[in-house]
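Structure first, then comments.
Small disclaimer: the values here were computed from a predicted structure and weren't measured.
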Amino acid sequence: LVRFIGVLKAPRFYPKEVKVIAKKTTSADGAFAFAVSDDRENYSYTMVLAKKEGHAWGWAEWYPREDKTGDIALGVPKDLSGYAVDENGRPVSGADVSLAFALLGKREGRRAFNDLIGAKLFSVKTGSDGRFEIQDLPAQGTFELLVKKPELATFSTFNWSNFSYERECQYRPGQPDIKLVVPAQMTVGGTVVDGATGRPIPGVALILMQDRSHPAWGQVPLVSGDDGALKLKALTPGKYSLQLLSPDQAKAEWVANPTAIELKPGQDQLDRRIALSRGGFLEVTVRDTAKETPIAGASVNVRCPKTE
C-alpha cells in the first residue's frame, strides 16, 4: 500500500494538519502512480510512503509542482523499542511515543520526515511498564523520539540547534534498551501589558521558541486572556524565547522584543511581565544606485542587531 501524504499550509507556527491525499496498491510489477492534485498549492510539502506486510516502511519526498519518477525500496523491517521513566525512575505508562525525526539514505539521496508525519503514522502508547515498540522501520534508518503525556513535560530527543543532514539520528531499530527519561512539566506564566500604561492587553498571540525558527516542543501560539494572562505548560528545563506573533496578512497593532526565559529544574516562572508598545512605521524606497530610479518588486528585510 502506497500513501500520498501532504502537510497542509497554516499560519506561521500554528498546528498543521497532515492529510492522506490518496492511497494506491502497487501492481504486479511494483508500479504505482499519483496524479498531481488540483489543490497542491494548499500543501507545505508532500511525501510518498509505502508499506507491505513483512517489509519495512519506505518513503520519498515529492514536490507536486513537477513530475517525478523513482523507486522506493522496502527493506528488512526492524522494531524501535525501549522504555520511558520519570525522573524518579518510575515507568511512565500511557504516554504517546512517536517519531520526532527520521532519516533514511546517504548524503544527497537522504530522505527525512519530521514529527508531523511521525505522529500521524508512527505513534504508539507505552504499557504499564513504560515500554514501547514502533514496528517495521527500515534497519538502515536512524530516528529521534517524542514523548507526550498530560502532567509531564513534552520531551524530545531531537534538537534543531545542532541538526545537520550530514549527521545521523541517535537511535537505530534493533538498538537495545533505549531509555527515555521524561522530566516533570515546568510552567511559564505571566501577564501581557501595555508598556506605557501597565494596562493588561487581551487577545495577543505569543509563541514560545526553542530557537529562531522552531517553537518549543508541543507548543502552539497562545492568546492572552481578557486580563492579559497567559500560561504555558509541559515544558522541559532549558532556554527559550517568548515572542510576539505578528499577523500574516495585516499590520501588527503591537510590537515587542523577544523575552528570554531560562527554566531551571523545579523553578517555574509564573509572574513574567511581557510589555508591548505601539511601535512605529519605517518607510523605505529602493533605488537603482546608478540611475536613481525606484526598483519595484525588491525584497526588503529589517533586522535588529540587539535581537539577532
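Ring geometry for Phe122 against Phe113 counts as parallel: the plane angle stays under 30°, on a 0 to 90° scale with 60° as the upper cut.
Side-chain atoms of Ser277 never come within 3.5 Å of backbone atoms of Asp194 as a donor-acceptor pair (strictly under, hydrogens ignored). Under the 3.5 Å distance criterion, the side-chain polar atoms of Arg3 are left unmatched by any main-chain donor or acceptor of Ile21. Thr157 places a side-chain N or O within 3.5 Å of a backbone atom of Leu145 that can act as its donor or acceptor partner. Distance alone, capped at 3.5 Å, is enough to place a donor-acceptor pair between the Asp79 side chain and the Asp136 backbone. No side-chain donor-acceptor contact under 3.5 Å links Asp271 to the backbone of Gly190. For the pair Glu262 (side chain) and Gly238 (backbone), a donor-acceptor distance under 3.5 Å is absent. Under a 3.5 Å cut-off, the side chain of Asp86 and the backbone N or O of Gly89 do form a donor-acceptor pair. A distance-only check finds a donor-acceptor pair linking the side chain of Gln185 to the backbone of Ala234 [under 3.5 Å].
Trp254 and Leu245 sit in two unconnected hydrophobic clusters of ILVMFWY residues. Membership requires side-chain heavy atoms under 4.5 Å apart, directly or through other members. No single ILVMFWY cluster, assembled from side-chain heavy atoms under 4.5 Å apart, contains both Leu206 and Val255.
Around NZ of Lys78, the count of heavy atoms belonging to other residues, nucleotides or ligands within 6.0 Å does not exceed 12. Dense packing is recorded around NZ of Lys51, with more than 12 heavy atoms of other residues, nucleotides or ligands lying under 6.0 Å away. Other residues, nucleotides and ligands contribute more than 12 heavy atoms inside 6.0 Å of the NZ atom of Lys149. Within 6.0 Å of atom CG in Asn88, more than 12 heavy atoms from other residues, nucleotides or ligands are found, so the atom counts as buried in its surroundings. Heavy atoms from other residues, nucleotides or ligands lying under 6.0 Å from NZ of Lys16 number more than 12.
Residues Tyr240 and Asp211 bring no donor and acceptor atom of their side chains to less than 3.5 Å of each other. Looking only at atom types and distance, the side chain of Gln175 has no donor-acceptor partner in the side chain of Arg172 under 3.5 Å away. Between the side chains of Gln269 and Gln267, not a single donor N or O lies within less than 3.5 Å of an accepting N or O.
Between Phe132 and Tyr83, a ring centre-to-centre spacing not shorter than 6.0 Å is recorded.
To the nearest 0.5 Å, atom OG1 of residue Thr46 and atom CG of residue Leu8 are 11.0 Å apart.
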Lys106 and Glu168: CA distance, side-chain angles, deciding distance, salt bridge (charged side-chain N to carboxylate O under 4.0 Å, His left out) verdict: CA-CA 10 Å; Lys106 299 292 185 182; Glu168 295 183 330; 3.7 Å; yes

